[in-house]
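So the structure is just underneath, and the comments pick up after that.
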Amino acid sequence: MEKIKQNPFVKKVGFNRIVLCCVLLLMYGLFCALTGGSFAGMNRIMSALNYAYFLGFLSLGVTFVIATGQIDFSIGPVMFCCALISGYTLTTHGISMPVAFLISILVGFAFGLFNGYLVAYWSVPSFITSMASMNIAKGLASVYTKTQSVSWPQAADPDNGWFRNLVRYNGFPVGLVILLVVAVICAIILNKTRIGRYILCLGSNKEAVRLSGVDVKKWEMLAFIICGVLVGMGAIFYVSAYTTVQPGYGDQYNNEAIAGCVMGGTSMAGGLASISGTIIGVFIIALLQEGILALGFTKDYQLIITGVIVIVAVFSDVLARRRKN
């Protein structure tokens, strides 16, 4: 195993990424075999991609937060809050679609700013802050929409139906291209800029960074803001794929987003993160969700498997850190 890890190609690509890609391919082959080949159809693949788009934005966002050694359990409900507020404003007040998108991103930004400010400047534990934000997001969305579900325009709508092309245009997965472009931008920010270096350093040793003269509060808050903006973008892709949004939902996507992030190599202890690993992890979660449905099981089974994945990924991270120490 050590010889494989020391191979130049493996070292450059990353052993963990190669393993994840193999797991993804094996899962796909297994589901195809168990469903008699019907899983290989394009409809199944596109359905899995639709799920991966919004989940990918959530996972990318929470990657920045976890890299600092913090956590955010509000991303799912906040995404629904963004979609409900912007969608209700769009359908009720007749604003344009670009303005609705902007509102969605601004709502996510506001929640990111709120979480980051409490964690960084008031030293409120991120677990408590995110749990409070989760409830605030649910309540705010319900109050604003008067507890009504919101249906975004259909593709046939001559004025606003064009936004459906963000996910799929003439059978081409446009959403996949956008997600990968955003992932590349996130990777550049995390690995090639001062923002990313400070965020990763905060997760490694926050006190050492502070003693070196860095304003740790500003950079810690920025990680939450980046997460909020990406969550707002995820809401846009959720409604582009699924149309209707109901108040009070979104919790189930927290664990899935965090599972994709941690499975991809981001350490829950902070200081180590992989954007490419996060994307592969998201595809695994999305494929798992579609495969379980294709086999005739309910989504409850996916929740069980996702929970097991989180435990295994975190335990593997703990073992790796012990070996290094």
Please table the atom pairs, donor to acceptor, closer than 3.5 Å between any side-chain atom in residues 119-134 and protein atoms at least two apart or in another chain.
from   : atom 1 : to     : atom 2 : distance (Å)
Ser126 : OG     : Gln70  : OE1    : 2.9
Ser126 : OG     : Ile71  : N      : 3.2
Thr129 : OG1    : Pro125 : O      : 3.2
Ser130 : OG     : Phe73  : N      : 3.2
Ser130 : OG     : Ser126 : O      : 2.9
Ser130 : OG     : Phe127 : O      : 3.1
Ser133 : OG     : Asn115 : OD1    : 2.3
Ser133 : OG     : Thr129 : O      : 3.1

So if you build clusters from Ile, Leu, Val, Met, Phe, Trp, Tyr with side-chain heavy-atom gaps below 4.5 Å, do [X] and [Y] land together?
| X | Y | result |
| --- | --- | --- |
| Ile285 | Tyr301 | yes |
| Leu211 | Val216 | no |
| Val231 | Phe224 | no |
| Val143 | Val78 | no |
| Ile226 | Leu106 | no |

With clusters built from Ile, Leu, Val, Met, Phe, Trp and Tyr whose side-chain heavy atoms come within less than 4.5 Å, directly or transitively, what are the remaining members of the cluster of Leu303, listed by chain and number?
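None; Leu303 is a cluster of one.
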
Tell me who clusters with Leu293, hydrophobic residues only, linked when side chains sit under 4.5 Å apart either directly or through other members.
none

Report yes if the side chains of [X] and [Y] come closer than 4.5 Å at any heavy-atom pair, otherwise no.
| X | Y | answer |
| --- | --- | --- |
| Glu220 | Lys206 | yes |
| Leu84 | Pro247 | yes |
| Leu230 | Leu58 | no |
| Val214 | Trp219 | yes |

Between Arg210 and Glu207, does any NZ, NE, NH1 or NH2 come within less than 4.0 Å of an OD or OE carboxylate oxygen?
yes

Can a salt bridge be assigned to the pair Asp157 and Arg164 using a cut-off of 4.0 Å between side-chain N and carboxylate O?
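Salt bridge flag = no for Arg164 with Asp157.
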
Which distance, rounded to the nearest 0.5 Å, do you find between the [atom1] of [X] and the [atom2] of [Y]?
| X | Y | atom1 | atom2 | value |
| --- | --- | --- | --- | --- |
| Ile304 | Phe297 | CD1 | CZ | 10.5 Å |
| Phe114 | Ile225 | CZ | CD1 | 13.5 Å |
| Asp251 | Phe80 | CG | CZ | 9.0 Å |
| Ile279 | Leu55 | CD1 | CG | 9.5 Å |
| Ile280 | Ile284 | CD1 | CD1 | 7.5 Å |
| Leu222 | Leu113 | CG | CG | 10.5 Å |

Indicate yes or no for a side-chain donor-acceptor contact from Asn254 to the backbone of Gly76 under 3.5 Å, with no hydrogens or angles considered.
yes

For [X], check side-chain contact (heavy atoms from CB on, under 4.5 Å) against everything at least two apart and list the hits.
| X | answer |
| --- | --- |
| Ser240 | Phe163, Leu166, Val167, Ile236 |
| Tyr242 | Asn50, Tyr51, Phe54, Tyr238 |
| Asn135 | none |
| Ser204 | none |

I would like to know whether Thr266 and Leu272 meet side chain to side chain contact (heavy atoms under 4.5 Å, CB included); could you show each step before the answer?
CA-CA 5 Å; Thr266 299; Leu272 181 66; over 6 Å; no

For [X] and [Y], work out which heavy atoms get closest and say how close.
| X | Y | result |
| --- | --- | --- |
| Tyr53 | Pro173 | OH-CB, 3.4 Å |
| Cys81 | Val107 | SG-CG1, 4.3 Å |
| Cys227 | Asp72 | SG-OD2, 4.0 Å |
| Ala223 | Val65 | O-CG2, 3.8 Å |
| Ala67 | Leu200 | CB-CD2, 3.9 Å |
| Val209 | Leu202 | CG2-N, 4.2 Å |

Phe283 and Leu49: side chain to side chain contact (heavy atoms under 4.5 Å, CB included), yes or no, with the steps?
CA-CA 8 Å; Phe283 287 147; Leu49 285 177; 4.3 Å; yes

Quiz question: by atom type and distance under 3.5 Å, do the side chains of Ser151 and Thr244 form a donor-acceptor pair?
yes

Would you mind writing out the side-chain donor-acceptor pairs for residues 85-105 within the sub-3.5 Å range, not counting sequence neighbours?
from   : atom 1 : to     : atom 2 : distance (Å)
Ser86  : OG     : Cys82  : O      : 2.6
Ser86  : OG     : Ala83  : O      : 3.4
Tyr88  : OH     : Lys146 : NZ     : 3.4
Thr89  : OG1    : Ile85  : O      : 2.7
Thr89  : OG1    : Tyr144 : OH     : 2.8
Thr91  : OG1    : Gly87  : O      : 3.0
Thr91  : OG1    : Tyr88  : O      : 3.4
Thr92  : OG1    : Tyr88  : O      : 2.9
Ser104 : OG     : Gly232 : O      : 2.8

What side-chain donor-acceptor pairs closer than 3.5 Å can you find for residues 18-37, not counting sequence neighbours?
from  : atom 1 : to    : atom 2 : distance (Å)
Thr35 : OG1    : Phe31 : O      : 2.7
Thr35 : OG1    : Cys32 : O      : 3.4
Thr35 : OG1    : Phe39 : N      : 3.2

Pairs satisfying salt bridge (Lys or Arg N to Asp or Glu O under 4.0 Å), at least one member in residues 41-62, at least two apart:
Arg44-Glu290

All N/O donor-acceptor pairs, side-chain side in residues 179-197, below 3.5 Å, sequence neighbours left out:
from   : atom 1 : to     : atom 2 : distance (Å)
Asn191 : ND2    : Ala187 : O      : 3.1
Thr193 : OG1    : Ile189 : O      : 2.4
Thr193 : OG1    : Gly196 : N      : 3.4

Please determine whether the number of non-hydrogen atoms from other residues, nucleotides or ligands lying under 6.0 Å from atom CG of Asn43 exceeds 12.
no

Contact list for residues 58-69, test side-chain hydrogen bond (donor to acceptor under 3.5 Å, both in side chains), sequence neighbours left out:
Thr63-Thr278

